[in-house]
Amino acid sequence: MGPIKILESTFLRAATNLAQCPPPSLPEVVFVGRSNVGKSTLINTILERKIAKSSATPGKTQSANFFNTRWKISPEEQTLDFACIDLPGFGYAKVSKELKQQWAKFLGALLTQRASIKLVLHLVDSRHLHLETDNQVRAFLESFLRPDQTLRRVYTKFDKLSKNAQHALYKTQNAPLVSAQGVLNPKFGSLLNIQQTILEALFSKRIHA
């Protein structure tokens, strides 16, 4: 596959309930993860735009944010249009119990009832692999996953690991998807692998490197 070209990426809408969500006219990828795991940074890297805003206060974002994007993978191919959904971070304590319950109800309904969602990317901090909150979210996601949906983990902040820890994670997780901001060993191929995973899951075709 030639270089993936990101032709356009735009913010569409923020929603705090199903009625506020845009019509499901495009295939969608959802980004799920704990507060401060690096969701906004990852989305901005994938879409090549500073479009997803991160808050200095973890847990402040209380809405699902929708972004539309248009990609092209070769001059011969048609453009590929899809949407990204940035969900509020979970696992941060400084919100009320009632608000947490409201978020959980909305997010559960969004993930289970929106047929346009084809890929769920569960972001996990590569320095903290076995947190109970991540295990609970993983089990929740797996409990309703449809046959036409794909669930993948993305290990964020991979560049903050030691070289030995990077190799160990890569080996034990069988070539996982990784995200990093610093210079990374090319064999891990973080960004391209994530982009390929998105295109394969959303458009039902193998994207060859």
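Shown here for Arg49 and Ser9, the closest heavy-atom pair between the two residues is CG-CB, 3.7 Å. Minimum heavy-atom separation, Phe140 to Ser143: O-OG, 2.6 Å. Residue Ala180 comes nearest to Ser190 through the heavy atom pair N-OG, 4.5 Å, listed as atom of the first residue, atom of the second, then distance. The minimum heavy-atom distance between Gln195 and Ile46, with the atom names listed, is NE2-O, 3.4 Å. Considering all non-hydrogen atoms of both residues, Val37 and Thr156 come closest at O-OG1, 2.8 Å. Residues Cys84 and Phe82 share a closest heavy-atom pair of SG-CE1, 3.8 Å.
No more than 12 heavy atoms of other residues, nucleotides or ligands sit less than 6.0 Å from atom CD of Gln78.
At a cut-off of 3.5 Å, with distance as the only test, no side-chain donor of Thr133 or Asn135 sits close to an acceptor on the other residue. With hydrogens and angles left out, the side-chain atoms of Gln20 and Thr16 include a donor and acceptor closer than 3.5 Å. In summary, the side chains of His122 and Asp134 do present a donor paired with an acceptor at a separation below 3.5 Å, with no hydrogens or angles considered.
A distance of 10.0 Å separates NZ in Lys157 from CG in Asp159, rounded to the nearest 0.5 Å. The CZ atom of Phe106 sits 7.5 Å away from atom CG of Leu87, with the distance rounded to the nearest 0.5 Å. Rounded to the nearest 0.5 angstrom, Asn68 CG and Leu47 CG are separated by 10.0 Å. To the nearest 0.5 Å, the span separating CD1 on Ile43 from OG1 on Thr69 amounts to 11.0 Å. Between the CD1 atom of Ile198 and the CG atom of Asn193 there is a distance of 11.5 Å, given to the nearest 0.5 Å. Atom CZ of Arg138 is separated from atom CG of Leu151 by 4.0 Å, given to the nearest 0.5 angstrom.
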inquiry  = Apply side chain to side chain contact (heavy atoms under 4.5 Å, CB included) to residues Leu169 and Phe158 and explain how you reach the verdict.
reply    = CA-CA 9 Å; Leu169 173 60; Phe158 189 77; 3.6 Å; yes

request  = Could you please spell out the steps behind the side chain to side chain contact (heavy atoms under 4.5 Å, CB included) verdict for Ile51 and Asn44?
outcome  = CA-CA 6 Å; Ile51 193 170; Asn44 290 338; 3.6 Å; yes

ask   = side chain to side chain contact (heavy atoms under 4.5 Å, CB included) between Phe67 and Leu12: does it pass, once the steps are laid out?
value = CA-CA 5 Å; Phe67 306 91; Leu12 183 60; over 6 Å; no

inquiry  = Would Asn65 and Ile85 count as a side chain to side chain contact (heavy atoms under 4.5 Å, CB included) here? Give the steps.
reply    = CA-CA 6 Å; Asn65 295 311; Ile85 308 175; over 6 Å; no

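Under the 4.5 Å side-chain criterion, counting only non-hydrogen atoms from C-beta, Thr197 is not in contact with Thr150. For the pair Leu42 and Ile194, the minimum side-chain heavy-atom distance is below 4.5 Å. Contact annotation: the side chain of Asp125 never approaches that of Tyr155 to less than 4.5 Å [non-hydrogen atoms, C-beta and beyond]. Side-chain atoms of Leu7 and Thr79, non-hydrogen and from C-beta on, do get closer than 4.5 Å to each other.
Side chain of Gln149 to main chain of Arg146: a donor-acceptor pair is present (N/O by atom type, distance under 3.5 Å, no hydrogens or angles). Judged purely by atom type and a 3.5 angstrom limit, Lys72 uses its side chain to pair as donor or acceptor with the backbone of Glu77.
In the hydrophobic clustering of ILVMFWY residues, with side-chain heavy atoms under 4.5 Å counting as a link, Leu199 and Leu26 come out apart. Leu131 and Leu129 are assigned to two separate hydrophobic clusters, defined by single-linkage of ILVMFWY side chains at heavy-atom distances under 4.5 Å.
Note: His167 and Phe188 meet the aromatic proximity criterion, with ring centroids under 6.0 Å apart.
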Check: residues 107-120 side-chain donor-acceptor pairs under 3.5 Å, at least two apart:
{"from": "Thr112", "atom 1": "OG1", "to": "Gly108", "atom 2": "O", "distance (Å)": "2.7"}
{"from": "Thr112", "atom 1": "OG1", "to": "Ala109", "atom 2": "O", "distance (Å)": "3.4"}
{"from": "Arg114", "atom 1": "NE", "to": "Glu28", "atom 2": "OE1", "distance (Å)": "2.7"}
{"from": "Arg114", "atom 1": "NE", "to": "Glu28", "atom 2": "OE2", "distance (Å)": "3.1"}
{"from": "Arg114", "atom 1": "NH1", "to": "Pro22", "atom 2": "O", "distance (Å)": "3.1"}
{"from": "Arg114", "atom 1": "NH2", "to": "Pro22", "atom 2": "O", "distance (Å)": "2.7"}
{"from": "Arg114", "atom 1": "NH2", "to": "Glu28", "atom 2": "OE2", "distance (Å)": "2.9"}
{"from": "Ser116", "atom 1": "OG", "to": "Glu28", "atom 2": "OE1", "distance (Å)": "2.7"}
{"from": "Lys118", "atom 1": "NZ", "to": "Ala115", "atom 2": "O", "distance (Å)": "3.4"}
{"from": "Lys118", "atom 1": "NZ", "to": "Asp148", "atom 2": "OD2", "distance (Å)": "2.7"}

